[in-house]
Amino acid sequence: MERLMEIAKKVADRVEIYSESGAYDGVSFENARLKDIDSSLQSGAGLLLIKDGRLGYAYTRNLIDREGLVRNALASIKGGVEAGYDLPLTKDLPELKTYDAGIEDLTSTKMVDECERICGEFAGKTEGQLNVSAGRDASTVRVMNSSGTDLSSRSSSYYAYTALYYPGSYSSISRVTLGKKFVPASPEDLDYILGTYNGSLKEVKPATGRTRVLFLPETIYALIWRLKAATQGKSVYEQVSPLKDKLGEKIVSDRLTVLDRPLDDTWPGARAFDDEGTACRDVPIVEDGVLRNFYYDRYYAWKMNAESTGHGFRPGIVSRVTPSLEHTVIKPGTESFAGLLKKMGKGIIAAGVMGAHSGNILNGDFSIGLSPGLYVEDGEIVGQVKDAMVAGNIYDTLQNVIGIGDRLYPASMGKFPAVLLDDVSFAAKG
Amino acid sequence: MFDKLKSILAGADTDYADIRYEVKKETKIGFSGRELTLMSSSSTDGHVVRVLKGGGFSSVAFTRPEDAEKALKTATENAILISKRTKKPVELARTEAVKDTVQPVLDEDPSQVSADEKLALLREYNEIPLGNEKVATTSLAYTDLVREKFFVSTEGTEIREDLVTVRISGSIVAKDGDLTQTARLGFGGSDGFGKLRNRKGLLEERTGIAVDLLKAEPVTAGTHRVILDQRLAGVFTHEAFGHFSEADLIEDSPTMREKMQLGAELGTEVLSIIDDPTVPHQLGHYRYDDEGVAARPTQLMKDGVLVGRLHSRRTAAAFGEPLSGHSIAEDYRFAPIIRMGCIFIEPGETGFDELMQRLGDGLYLVNPMGGQTSGENFTFGAQYGFVVKGGKKQQMLRDINISGNLYHTLESITGVGSDLKLGEVGGCGKGQLNVRSCYGAPHILIEDVVIGGR
């Protein structure tokens, strides 16, 4: 990397090198039987050059041909992507505990043992199809730039995913176990999966109409996705966000607080700096229902005459950074799962959703299939609903928060509690 | 290159091993509104080694050439671990050893087109929507992707096949007050850069739709009779039906296997579905899959009866069914999994106007906006649609998501048009991306589907 920096500095005004390397091992069980073990050893580097206010970018997997990489990046400068921003000098960041050496001792054999143990916990207690997978990952990210920044972060993670599938379908009740080293799946989580599944086998056909809907930690992302899209610096700059003029205004229920917490190293993946070397900090997006912040990388911060909020992340070396919330949390409430069901009385649990990526995301619209939807009566799960959808616009729907769960669970797009909403449009095949 | 790969496999103490080396070259240009936000051209490479030993089958992907020995050792250890702990040893269906080199026939090789010319073409197309006062912004991207693949197995197969894909895709955002509406677009294919030229008409049409959507009405929730256009019917075919023709998705689900037994009458008589990567001049064309198996036309449904399935060597042996050549990897970072190549509903004899007459009152839904399936249930979005009264298109509709049950829906398709169209952009995200997954259909009439609305 140092040699690449030397070569690049000779031909450009400013240089940024992002590199990553990692090793992953994963095992999977399908229908409670060992199916696959796979591994991956990946590395790569992305080179960003700025010359005369123009930006070029190229990447490679192997630093065998450094000159070739620099040539590719230089060639792309000719396109004329503007870059009037500085690369930061960042140092003296807080030490985060992102790496647990315990990950080194976690072999594929041990992960196979854990998956077998989980399968054993379900044996004889259900007729559902049980799929379990586990994986470990150890990786390093490094950001260097010509301003003198040289930061690296080593991280470890372990996950186990347990899912119990309904007959003839890929609808499931699932839960993720997450740690910086091996942690056994908790008895509570396994009981939750088994109890929820076994209690919902009967098919029920509730009528189309408006109802209470409980989004589980695994499904609330479908709504939070819309909020993330509308608060992204890029959408605000392009004037296509419905929230662009609403900083400081109440946009959703005052029960709802959505934060980005990159420094929280109790979970795997905490970061003290983003992929551009900007220091990360905790940023409230919505606080007690009030819109507090948009989030930026350096490019869109420059465009908006704002400061980068430390949200320049990339989905790997193949892309330049975009503003991205990578550590999102909904502030938990006070209610247990049973308490939320009791409060709901009658309604639907969105236990799995399909098609969250469809529809007018920027506008806040959602229209998603339930897979499965669970039907609740008198505070108890009584069955599952097929061929059903919930729909609305988050700026209406999230006004009607009537309860929030007391525990965060790792899920797609963040760590979330369950969220109970009133008066949601529900459509089903009658 | 073959010799280098063979020397890596020479150290293998296995029942079977293969190695794939790929060079992946990608050029990307991106506009957000009038701003050029991305222009980059890069080349990357890597290997995937797979090992079968004692009934255990395992793979390791690696990027550093010096990791080859370690990767082979890890794959072998993992295969042994599986063989000791599995209840179901893996076998691979027999396939012919092949030595072949395949180069695509292109109408203009994108690597021979200068970056300046690619940029100029994208800019020209981008100006079309931006010239409309109702358009707030656009997001438009050019991509060309070349995969140079080298495959060697211990059975003696040596294949070099190159795949070249070009695409322009993105979205047009129209705005009126606080309301924004988006129209998506995409075109291109595997036939070369020529596919991208002379496409202004498409940009004009998509711009019109984005603007018209501002005045469209949100659809009413409920159950409706519908006609799906070719692209939407293609997504239905891919999402709702196609995935369950992929043997690896149902292999370990006893209940799904029971429902998807060959010979099962799942659809109406008008419905025949095939996956055929060998059809020339379409996005999903290839000659060999990433296990070195020749692709072949695979009839999946004939007159409503399930007659075939998509396989890897592993699943073909497990199901005792013929190989189909559908085991495909995204790139050098992944071992292959079963993917659709080019799936479509075969055309019937009903013209579009006649289909609309048969619909009478209902909805005409156009263009997909993402889809997903969870076994028997599926959901996908339509970009827009129209109320149909007495066979005539009326008010434009938006915010349309469809949900349904696969088996009910297959039984409810009562009309299949004669106007088959294959998509120029497809793609599928089953764990890995597959940008070349092609799908299509004629217009189809479905008796009732659930539509979510506000």
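As the structure is a prediction and not an experimental result, all values here were calculated from the model.
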Visitor: Could you check whether atom CD of A:E203 has more than 12 heavy atoms from other residues, nucleotides or ligands sitting under 6.0 Å from it?
Guide: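 Yes, CD of A:E203 has more than 12 neighbouring heavy atoms, counting only those of other groups under 6.0 Å.
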Visitor: Of the backbone (N, CA, C, O) and the side chain (C-beta and beyond), which part of A:E30 lies under 4.5 Å from a heavy atom of chain B, both, or neither?
Guide: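 For A:E30, the contact with chain B is made by backbone and side chain together.
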Visitor: What part of B:I29 gets within 4.5 angstrom of chain A, counting heavy atoms only: side chain, backbone, both, or neither?
Guide: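 For B:I29, neither part sits under 4.5 Å from chain A.
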Visitor: Who among B:G56, B:P254, B:A335, B:A136 has the most heavy-atom pairs with chain A under 4.5 Å?
Guide: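 Among B:G56, B:P254, B:A335, B:A136, the one with the most close pairs to chain A is B:P254.
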Visitor: List the atom of A:A58, the atom of B:S42, and the distance in Å for their closest heavy-atom pair.
Guide: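 Of all heavy-atom pairs spanning A:A58 and B:S42, the closest is CA-OG, 3.3 Å.
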Visitor: Please look at A:Y395 and chain B and tell me whether the side chain, the backbone, both or neither of the residue comes under 4.5 angstrom of a heavy atom of that chain.
Guide: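 Answer is neither: A:Y395 stays 4.5 Å or more from chain B.
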Visitor: At a heavy-atom separation under 4.5 Å, does A:S241 approach chain B through its side chain, its backbone, both, or neither?
Guide: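 Neither; nothing under 4.5 Å.
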Visitor: Among all residues two or more places apart in sequence or in another chain, which pass the salt bridge (charged side-chain N to carboxylate O under 4.0 Å, His left out) test with B:R50?
Guide: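 Checked B:R50 against salt bridge (charged side-chain N to carboxylate O under 4.0 Å, His left out); matches are B:D18, B:E291.
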Visitor: Should B:D252 and A:K35 count as an ion pair when the cut-off is N to O under 4.0 Å?
Guide: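 Looking at B:D252 and A:K35, the cut-off is met.
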Visitor: Taking atom NZ as the centre, does B:K88 end up with more than 12 heavy-atom neighbours from other residues, nucleotides or ligands that are less than 6.0 angstrom away?
Guide: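 Yes, the 6.0 Å shell around NZ holds more than 12 heavy atoms from other groups.
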Visitor: Locate the shortest heavy-atom distance separating A:I368 from B:N401; write the atom from each residue and the value.
Guide: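 Shortest heavy-atom contact: N-ND2, 4.4 Å.
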Visitor: So which part of B:K28 gets closer than 4.5 Å to some heavy atom of chain A, the side chain, the backbone, both or neither?
Guide: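 The answer is the side chain of B:K28.
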Visitor: Taking all heavy atoms of B:T86 and all of A:L34, pick out the closest pair and write down the distance.
Guide: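 Looking at all heavy atoms of both residues, the closest pair is OG1-O, 3.6 Å.
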Visitor: Might you point out which heavy atoms bring B:S403 and A:A388 nearest each other, and give the distance in Å?
Guide: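 Smallest interatomic distance, heavy atoms only, reads OG-O, 4.1 Å.
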Visitor: Side chain from CB out, backbone as N, CA, C, O: work out which of these in A:V27 comes under 4.5 Å of a heavy atom of chain B, or both, or neither.
Guide: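 Contact with chain B is absent: no heavy atom of A:V27 under 4.5 Å.
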Visitor: Which residues in residues 31-38 of chain B have a heavy atom less than 4.5 Å from any heavy atom of chain A?
Guide: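 Expected list: B:S32, B:E35, B:L36, B:T37, B:L38.
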Visitor: When rounded to the nearest 0.5 angstrom, what distance separates OG1 in A:T109 from CZ in B:R85?
Guide: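 Rounded to the nearest 0.5 Å, the OG1-CZ separation comes to 6.5 Å.
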Visitor: Contact part of B:F378 toward chain A, heavy-atom cut-off under 4.5 Å: side chain, backbone, both or neither?
Guide: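 For B:F378, the backbone is the part near chain A, not the side chain.
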Visitor: So for A:A83, is it side chain, backbone, both, or neither that comes closer than 4.5 Å to the heavy atoms of chain B?
Guide: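 The answer is neither part of A:A83.
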Visitor: Return the option, out of B:A115, B:S43, B:A79, B:S253, with the maximum number of heavy-atom pairs under 4.5 Å with chain A.
Guide: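 When all of B:A115, B:S43, B:A79, B:S253 are compared, B:S253 has the most.
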Visitor: What heavy-atom pair brings A:S76 and B:S40 nearest, and what distance separates the two atoms?
Guide: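 Where A:S76 meets B:S40 most closely, the heavy atoms are CB-CA, 3.9 Å.
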Visitor: To the nearest 0.5 Å, what is the distance between OG1 (A:T107) and CG (B:L81)?
Guide: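 Rounded to the nearest 0.5 Å, the OG1-CG separation comes out at 8.0 Å.
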Visitor: Under 4.5 Å heavy-atom distance to chain A, tell me which part of B:I250 shows up: side chain, backbone, both or neither.
Guide: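 Contact with chain A involves the backbone of B:I250 alone.
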Visitor: Heavy-atom cut-off 4.5 Å, strictly under: side chain, backbone, both or neither for B:L119 against chain A?
Guide: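 B:L119 touches chain A through side-chain heavy atoms alone.
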Visitor: Can you tell me how far apart CZ (B:F244) and OG (A:S169) are? Round to the nearest 0.5 Å.
Guide: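 If we round to the nearest 0.5 Å, B:F244:CZ and A:S169:OG are 8.5 Å apart.
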Visitor: Going by atom types only, do B:S59 and A:D38 share a side-chain donor-acceptor pair under 3.5 Å?
Guide: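 On atom types as modelled, these side chains qualify, holding a pair under 3.5 Å.
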Visitor: To check you understand the geometry: which heavy-atom pair defines the closest contact between A:Y59 and B:E26, and what is its length?
Guide: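 Closest heavy-atom pair between A:Y59 and B:E26: OH-OE1, 2.9 Å.
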Visitor: A:Y165: what forms a ring pair (Phe, Tyr, Trp, His ring centres under 6.0 Å) with it, not counting sequence neighbours?
Guide: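 In terms of ring pair (Phe, Tyr, Trp, His ring centres under 6.0 Å), with neighbours along the sequence ignored, A:Y165 is linked to A:Y170.
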Visitor: Between B:Q383 and chain A, with a heavy-atom cut-off of 4.5 Å, which part of the residue counts as in contact: side chain, backbone, both or neither?
Guide: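 Neither part.
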Visitor: Could you check which of B:G177, B:A61, B:A75, B:G381 has the highest count of heavy-atom pairs closer than 4.5 Å to chain A?
Guide: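 Of the candidates given, the most pairs with chain A belong to B:A61.
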Visitor: Could you measure the distance from the CD1 atom of A:I317 to the OG1 atom of B:T44? Nearest 0.5 Å is fine.
Guide: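 A:I317 atom CD1 to B:T44 atom OG1 measures 6.5 Å (nearest 0.5 Å).
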Visitor: Once you round to the nearest 0.5 Å, how far does CG of B:N78 lie from OG of A:S39?
Guide: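 So the CG of B:N78 and the OG of A:S39 are separated by 4.5 Å.
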Visitor: Could you give the distance from OG (A:S40) to CZ (B:F334), rounded to the nearest 0.5 Å?
Guide: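 Spacing of OG (A:S40) from CZ (B:F334) equals 8.0 Å.
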Visitor: Anything in residues 63-74 of chain B with a heavy-atom distance to chain A below 4.5 Å? Please list those residues in order.
Guide: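 The residues closer than 4.5 Å to chain A, in numerical order, are B:T63, B:R64, B:P65, B:D67, B:K70, B:T74.
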Visitor: Please classify the contact of A:Y299 with chain B as side chain, backbone, both or neither, using a heavy-atom distance under 4.5 Å.
Guide: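 Just the side chain, heavy atoms under 4.5 Å.
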Visitor: Between A:N363 and B:T180, is there a side-chain donor-acceptor contact under 3.5 Å, judged purely by atom types and distance?
Guide: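 The answer is yes; a qualifying pair exists.
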